[in-house]
Amino acid sequence: MLIELSACNADPALSQQQVNWGDLLKAVQYHGITGLVYDKLLKRNDPDYPPPHFQAAVIQAHRSNALQMIDKCEQVKAVLTSLIELRIKVVVLKGPAVAQVYYPQAPLRYFTDLNLFALSRDKNALDGVLNALGFRLEAGYVEPMPKLIPSVITHHHTRYEHRETKFPVEIHWEELLHDDLVPRDLDGMWRRAVSVNIEGLQTKTLSLEDHLLHLCAHAYHHRFDRLFRLTDLLFIVRDHSDEINWELFVNLVSLEEAQTPVYQSFSLINKLFGVALPDWVLAKLKPDGFRRWWHQHFFTPKVTRPFDMQEEIPFSFKSTPWFQSTFLNLMIMGRRPEKLQYLLRLLLPTPEWLRQRFNLPPERSLWPYYILRLMLPPKLMERLMRNK
Amino acid sequence: MMFDDYPKQKPGIKSRYIGGETLLIDGELSYAINPPAAFIWELCDGEHSIADIEQAIREDFGVSPERSLHGEIVQTLIHFREKDLLVSHFCDYTDPD
């Protein structure tokens, strides 16, 4: 029923099922698809099914969410206005851009924060703009670690929060693939960025192909925990298929070695919504059998088991515990040589990295730390140092 | 019945399309209105008379000249006025036959 309600298609039909409407309402809200269900109910215009109390609750919930969105949109407008006035280049990611460009109607897609992709050189300027608008760095912010190798990021994003409204703004510097790796074609993503009108302001968002890759990686990163991540992809593939340069998309996925998150995202969309990519595209995106086997046995999408709070296996090659996370990441995901290079570099990190990691004063000799580091697995050493 | 010839929105009221309806927000209060009412609301700018609004609806919604819209428009404006959404500069109004 959730899938039928969230598809936002022209067909107003809805199958008759035995449904616990209270649970369904909770699921609709949890999955962030209240707007889509509201749209479905308006199109159906059937006062009897789903039952009136369910319809009334959905309509009320959507109106309430829409009211909250008004304040959020004003915050988005304020931030973008300042950035445009100061000519600071940004690319709007996810929520506001996805709603505007890909959704059948923008108000149906909620968002909770503003995600901006920005250039490192503009860090101070952005900080100044956001501070002037009443935002502050999130509590507990620490300076990112120095990079050990150029292609592995140390800084996912910088998060600001408005002092009064608590509206968050996240600035992404290099994080678009959600696998702790700098995109190989970062410059290309900037070059391909397209114009979008958000809250009456002309700004930029990722190209259709780059957004598709980014959204697949993001949905996969969250283990498809909420349906709205999949409906974002659904509307792009179903309603904008003719605009997608599939050749470019396949090349981008191949360049970033992001076959697993992309292929698994589209497989799930096909399974749930019956919308498929062109066969030749899917064939080119398909990861090798080895990766598919590991994925199948160790990675369970959450959307197929909503409300299941079972703890998931972590999935970063930079996380502990090693086997469950790093090993699994290396088996399933791409760009293994860079990840292995990073892990080796952890054994002999740069002096700056070591000093910052263990908060060592400049006069302290680093030799004992290097020797210890080579003798002990890095993670164990870090744990010992933390305990100390 | 008394009604303003050139209805005008009360300042400070925000309107927002939410994908099927439009919300009118007056401070802590909000009202959901349907698309025809939202169309009328947009024309409540103090520069369109009720006759102008009627004409605009005819053109935009393709309503035939035989069908009178006057009563429905006035009814909508009365709803707005009851919710204190319009500036009140009333004058005598008589619903034409």
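The chains referred to below are lettered A, B, ... by the order of the sequence lines, with proteins before strands, and numbering in each begins at 1.
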Heavy atoms of A:P107 and B:Y17 approach each other most closely as CG-O, 3.3 Å
- Message: So for atom NZ, which belongs to B:K10, do other residues, nucleotides or ligands contribute more than 12 heavy atoms lying within a distance under 6.0 Å?
- Response: yes
CZ (B:R16) and CG (A:L67) are apart, to the nearest 0.5 Å, by 10.5 Å
Per-residue tally against chain B (heavy atom, under 4.5 Å) across A:N65, A:L42, A:D39, A:I70 peaks at A:I70
Honestly, the part of A:Y38 sitting under 4.5 Å from a heavy atom of chain B is side chain
Okay, A:E74 and chain B: the region with an atom under 4.5 Å from a heavy atom over there is side chain
Output for pair (B:I18 CD1, A:R63 CZ), nearest 0.5 Å, gives 6.5 Å
**Prompt:** Is the count of non-hydrogen atoms from other residues, nucleotides or ligands lying under 6.0 Å from A:E164 atom CD greater than 12?
**Reply:** no
Separation between NE2 (A:H62) and CG (B:L23), nearest 0.5 Å, reads 7.5 Å
